[in-house]
Amino acid sequence: MYQDEYRRIVQRLQSITGREDVELTDGGAHADLASTIAFTLAKEQRRQPVQIAREIAEQLQAQEEGDSVTIEVVGPYLNFHFSASYLEATLREALQPDYGSQPLRDERVVVEHTSANPNGPLHVGHIRNSILGDTLARSFRKAGYRLETQYYVNDIGRQIAIVVWGVGNLGEIKKEEKGDAFIARVYIAANRAIETDPGITSHIDRLMQRVEQGDPQVVRQFREAVTECLEGIKATLLSLHVRHDRFIWESDFVRNGDVTRTIDRIRRMPQCRDDGTLWVDLSSQGFEKQYILKRSDGTTVYAARDIAFHVWKGRNFDRMIDVLGADHKLIGAQLIATLKLMGEKAPEILHFEFVSLPEGSMSTRAGKFVSADELVEEVVKQAYVEVTTRRPELEEDVRRAIARSVAVGAIRYDIVKVSPEKSTVFDWKEALDFERQSGPYIQYAHARACSILEKSGEFTPAFQLSDPHEIALAKHIGRFPAIIDQVVEELRPHLLATYTRDLADLFNAFYRYVPVLKSEGIVRQSRLALVCAARNTLRGALETLGIDALATM
RNA sequence: GGGCUUGUGGCUUAGCCAGGACAUAGCGCCGGGCUUCUAACCCGGAUGUCGGGGGUUCAAAUCCCCCCAGGCCCGCCA
């Protein structure tokens, strides 16, 4: 609805003014949509913008076809206000249980996210990647795309070789702990051993060569260590409602010959250099640094496998999206440049800045991090206390289930609400806050809507809204599909977080001032319809954010 | 040193890419609201040189240039 209306107004302004570059702004308190085209024309025509605006408005009114929008001229501004028929059409759409879901499209999209090295548990920095990626994936599904999520498993790099060496030589035994915690212990110990005895490095180099050559015994050792860690990582992700459709093992691209074929292709390119190491000269693309693919000992580096991986993805998907930390900006740009030179499809990369601790940046190797498991556990504990305080009458297992949903909501929302390009400092106090601008705040608005609908029973929807709170809420509901579109077009999941918070704000204000169950007749039917539409929208938004839409809390 | 990026009330943050009408909200602070659909709520108040300086424009938080401060990158690591 919103998008249709937007497009219709733009088209009419285009035909009146003869300009292509017509855009509408959010009118804020003044209007639902507004145009400042009169300023632009004033300059060209050397006339007063106020006069021009008035003339355009007259023409708009003359060719007025529907009554879904009214036009108002305020000085040089053209203001558009959505009318009652627009609101009715919006609410009729939003009464559909799957409001916001768009028809299936043919386009195949792959979102690769998390892809953390399997050398330890996910920490609070990694899950920024997971939550951005998962929210993006859910948004694409909501928008009707055929979507697959992938975790690219680095099972062949130096860090894993260090783990394998540690497993084989340090005699650490797995205790009562998750696989990822065990691997981290080994990894940290192995790094310590290397510091005291740098000679170990040559053993690790040897392991890397043997795994790349396909030595069955070494390959098995790598697989076992990685699998051990990955099982723990999967469990952590699941606790945050994140799951991957597919795990792609980096070593597969070495073994199936893709890496060799990719390198052969690159060798034939004019930008390829071989001076003992093999590298791509991207200086003509503005990159000073060598993009190295092969070491002098003949083994490939990450970049070579990454190119092969993306060539493969590009052939199986129409759009590929990678969620990567800001530290990958340079190599991400080099990857894209190289793929383009090869004539292959390039990925779109969503970069996010780092999460650090108050005492500095996190490090798996130094064991300096807040693990995602620890975060979940603490937040669940706090949420349980809250639920028990508020709803002591509920059964314990019900309270536990609510606490878990609330905790996931708090964590996911906290992370997704901040623009990815901002670096953040992890803060326990904020993580444990369930008040406004939090996931639970939105969950709570949804639960309130559910409660009203449960008490009301069946009703026949009506669409007569008059209170400003009703109208503001209905208008915001109408924007939901446009927001989903914007998220997948611009790869900005935090827009959904902002939208949903505003939706909850408007619903809560409505809830406070506009009685529903106590109203009567058509007023009651209209308000119930609005509550139902708001409930559906809140639910759709929460689910897209990966947060449980609780009926009670 | 070069590149990328961030800088918005005491703290956190939206808006910036596609410049317009009084800069968005939360926390904290002050004050008010539960005999009324779940108070994880709502309302009112105080708090801003939109890092600093220049420029472009009828109009700049938004675009351009310089400077300052923080983060990240610049490896035959991933």
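Order of the sequence lines fixes the chain letters, A, B, ..., with proteins taken first and strands second; residue numbering starts at 1 for each chain.
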Over 60° means perpendicular and under 30° means parallel, so classify the ring planes of [Y] and [X], tilted if in between.
X      : Y      : answer
A/F354 : A/F352 : parallel
A/H123 : A/F369 : tilted
A/F309 : A/Y152 : parallel

Which of the following nucleotides, [options], is nearest to the side chain of [X]?
X      : options                : result
A/R436 : B/rA14, B/rG26, B/rC27 : B/rG26
A/T498 : B/rG15, B/rA14, B/rC41 : B/rA14
A/L517 : B/rC41, B/rA78, B/rC37 : B/rC37

On a whole-Å scale, what distance lies between the [atom1] atoms belonging to [N] and [M]?
N      : M      : atom1 : value
B/rG15 : B/rC22 : C1'   : 15 Å
B/rG31 : B/rU5  : P     : 46 Å
B/rC11 : B/rC74 : C1'   : 34 Å
B/rG70 : B/rU56 : P     : 32 Å
B/rU62 : B/rG20 : C1'   : 11 Å
B/rC27 : B/rA40 : C1'   : 15 Å
B/rA25 : B/rC67 : C1'   : 32 Å
B/rC63 : B/rA78 : C1'   : 38 Å

**Prompt:** For the base of B/rA18, is there a side-chain donor-acceptor partner from A/E490 under 3.5 Å away?
**Reply:**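 For A/E490, whose side chain was compared with the base of B/rA18, there is a donor-acceptor pair (under 3.5 Å).
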Examine the base of B/rC37 for any acceptor or donor lying under 3.5 Å from a partner atom in the side chain of A/S451, and report the outcome as yes or no.
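Answer no: no donor N or O sits under 3.5 Å from an acceptor.
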N/O (side chain, [X]) to phosphate O (OP1/OP2, [N]) under 4.0 Å:
X      : N      : result
A/Y441 : B/rC42 : yes
A/R390 : B/rA40 : yes
A/R492 : B/rG15 : yes
A/R305 : B/rA78 : yes
A/R512 : B/rA39 : no
A/R365 : B/rC77 : no
A/R448 : B/rA39 : yes
A/K289 : B/rC74 : no

Checklist line | Test: A/R223 cationic atom under 6.0 Å from A/W249 six-membered ring centre, within 45° of axis | finding: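 Yes.
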Establish, yes or no, whether the cationic atom of A/R400 lies under 6.0 Å from the six-membered ring centre of A/Y384 and within 45° of the ring axis.
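That pair qualifies as a cation-pi contact.
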- Report yes if the distance between the aromatic ring centroids of A/Y511 and A/H469 is under 6.0 Å, otherwise no.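 When the ring centroids of A/Y511 and A/H469 are compared, they turn out to be at least 6.0 Å apart.
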Check: So with a 6.0 Å cut-off around CZ of A/R295, is the heavy-atom count from everything else above 12?
Finding: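 Enclosed: over 12 neighbouring heavy atoms sit under 6.0 Å from CZ of A/R295.
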Point to revise | RNA chain B: 5'-proximal contact among A/K294 and A/K455 (nearest heavy atom) | key: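 First, find each residue's nearest nucleotide; the 5'-ward one identifies A/K455.
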Taking for each residue the nucleotide of RNA chain B with the nearest heavy atom, is it A/K43 or A/D505 whose nucleotide lies nearer the 5' end?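 Here A/D505 is the residue nearer the 5' end.
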Does any donor atom in the side chain of [X] or [Y] lie under 3.5 Å from an acceptor atom in the other side chain?
X      : Y      : result
A/D32  : A/Y2   : no
A/Q271 : A/S284 : no
A/R305 : A/N154 : no

Grab the CD-P distance between A/Q443 and B/rC41 for me, whole Å please.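 Those two atoms, CD and P, are 12 Å apart.
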Between protein and nucleotides 19-21 of chain B, what N or O pairs are separated by less than 3.5 Å?
unit_1: B/rG20; atom_1: O2'; unit_2: A/Y77; atom_2: OH; d: 2.2
unit_1: B/rG20; atom_1: N7; unit_2: A/T36; atom_2: OG1; d: 3.1
unit_1: B/rA21; atom_1: O4'; unit_2: A/Y77; atom_2: OH; d: 3.1
unit_1: B/rA21; atom_1: N6; unit_2: A/N79; atom_2: OD1; d: 2.9
unit_1: B/rA21; atom_1: N1; unit_2: A/N79; atom_2: OD1; d: 3.1
unit_1: B/rA21; atom_1: N1; unit_2: A/N79; atom_2: ND2; d: 3.1

Heavy-atom contacts, protein to nucleotides 1-11 of chain B, under 4.0 Å, summarised as B (base), S (sugar-phosphate only) or - (none) per nt, yield ---SSSSB---
Closer than 4.0 angstrom, basic N to acidic O: yes or no for A/E359 and A/K368?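 Between A/K368 and A/E359 there is no salt bridge, as every charged N stays at least 4.0 Å from the carboxylate O atoms.
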